[in-house]
Amino acid sequence: LARVSAPGAASAALQTLARNEERSHDTRRAALGALLRAEGNAGVPTLLALVDRAEDAWLTREALRVVARSGDPRARAHLRAVVQDARRDESLRLIAVSGLGNDFANAADATVLRAVYRALETERARGAVLGALAGIGGKANAEWLSAIARDADESPALRRRAVQALERIDSPEAMNGLMMLANPER
């Protein structure tokens with residue numbers, strides 16, 4: 001692979017390696033990582049194609065994990081699409097939620113996470129959204145988490161997770177939300 005000079009040829013070779021089920025998972029995972037590190041994000045389209053069209057469930061999951069580590073706008077948009085796609089397996093949606101809450105998170109990511117929260121069917125998935133929003137931080141997320149923590153229709157476990165998420169956000173809005181929870185008459 002080191003001798004492949006054209007970016008398209010390198011991506012094709014790495015994709016072939018990643019798809020080869022006779023190779024070890026470590027080797028296949030390394031090929032996916034190399035696609036992410038390709039110069040000028042040239043490997044991102046290949047990774048996105050693997051997420052969407054891989055017949056191999058392991059490869060789909062691993063490709064999405066790699067995409068989740070990217071700040072490339074195409075990767076971010078793809079993660080948002082996976083989170084919003086109710087037809088996707090929950091494990092894939094959880095990987096995408098985690099990716100949206102990483103260091104590359106932006107306002108669009110947070111907006112999608114807040115919007116999809118009620119549509120997620122399991123407490124595990126909803127809890128992942130709460131954690132991702134805590135990692136993103138900011139006024140809008142602190143206010144939203146505070147509302148979840150006060151929502152009597154929400155499960156006690158998720159209300160507790162929302163409070164824990166608020167505790168992780170360093171902002172006046174988060175502090176205000178926590179104070180309102182401690183003293184509801186205020």
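Computed from a predicted model, the values in this text were never measured in an experiment.
- Minimum interatomic distance between A149 and V163 (heavy atoms only, all atoms of both residues): CB-CG2, 3.8 Å.
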For this session: Start with the C-alpha distance between L113 and R80, add both sets of side-chain angles, then the distance that settles side-chain contact (heavy atoms from CB on, under 4.5 Å), and finish with yes or no.
Result: CA-CA 8 Å; L113 289 171; R80 290 190 293 270; over 6 Å; no
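- Both W58 and L48 sit in one connected hydrophobic cluster of ILVMFWY residues. Membership requires side-chain heavy atoms under 4.5 Å apart, directly or through other members.
- Remark: of the listed residues T46, N41, V67, T46 is the sole one forming a side-chain contact (heavy atoms from CB on, under 4.5 Å) with L35.
- The two atoms that bring A128 and R161 nearest to each other are N-NH2, 4.1 Å, heavy atoms only.
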For this session: Could you please spell out the steps behind the side-chain contact (heavy atoms from CB on, under 4.5 Å) verdict for E90 and V97?
Result: CA-CA 10 Å; E90 180 181 278; V97 165; over 6 Å; no
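- D89 and S91 share a donor-acceptor pair across their side chains, judged by distance under 3.5 Å alone.
- Under the 3.5 Å distance criterion, the side-chain polar atoms of R126 are matched with a main-chain donor or acceptor of R118.
- In this structure the side chain of D56 never reaches within 4.5 angstrom of the side chain of R19, judged on heavy atoms.
- Judged purely by atom type and a 3.5 angstrom limit, S98 has no side-chain atom pairing as donor or acceptor with the backbone of L94.
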For this session: Any chance you could lay out the side-chain contact (heavy atoms from CB on, under 4.5 Å) test for D52 and H78, step after step, and finish with the verdict?
Result: CA-CA 10 Å; D52 287 340; H78 209 78; 2.8 Å; yes
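- Heavy atoms from other residues, nucleotides or ligands lying under 6.0 Å from CZ of R29 number more than 12.
- Of all the heavy atoms in L50 and A63, the pair that sits closest is CB-CB, 3.9 Å.
- Taking the charged nitrogens against the carboxylate oxygens, R28 and E21 have no contact shorter than 4.0 Å, which rules out a salt bridge.
- Closest of all the heavy-atom pairs between S146 and L166 is CA-CD1, 3.7 Å.
- With hydrogens and angles left out, the side-chain atoms of N102 and R69 include no donor and acceptor closer than 3.5 Å.
- A single hydrophobic cluster is seen to contain both L133 and Y117, as judged by linkage of ILVMFWY side chains at heavy-atom distances under 4.5 Å, directly or through other members.
- Judged by distance alone, with hydrogens and angles left aside, the side-chain atoms of D151 form no donor-acceptor pair with the main-chain N or O of A147 at under 3.5 Å.
- Counting all heavy atoms, side chain and backbone alike, S11 lies closest to A42 at OG-O, 3.8 Å.
- Within 6.0 Å of atom CZ in R124, 12 or fewer heavy atoms from other residues, nucleotides or ligands are found, so the atom counts as exposed in its surroundings.
- For the pair E123 and A157, the tightest heavy-atom approach, listed with the atom from each and the gap, is OE1-CB, 3.6 Å.
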Problem set entry | side-chain contact (heavy atoms from CB on, under 4.5 Å) between L47 and L36, intermediate numbers included | CA-CA 8 Å; L47 287 166; L36 181 63; 4.0 Å; yes
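- Under the 4.5 Å side-chain heavy-atom criterion for grouping Ile, Leu, Val, Met, Phe, Trp and Tyr, V66 is connected to L92 within one hydrophobic cluster.
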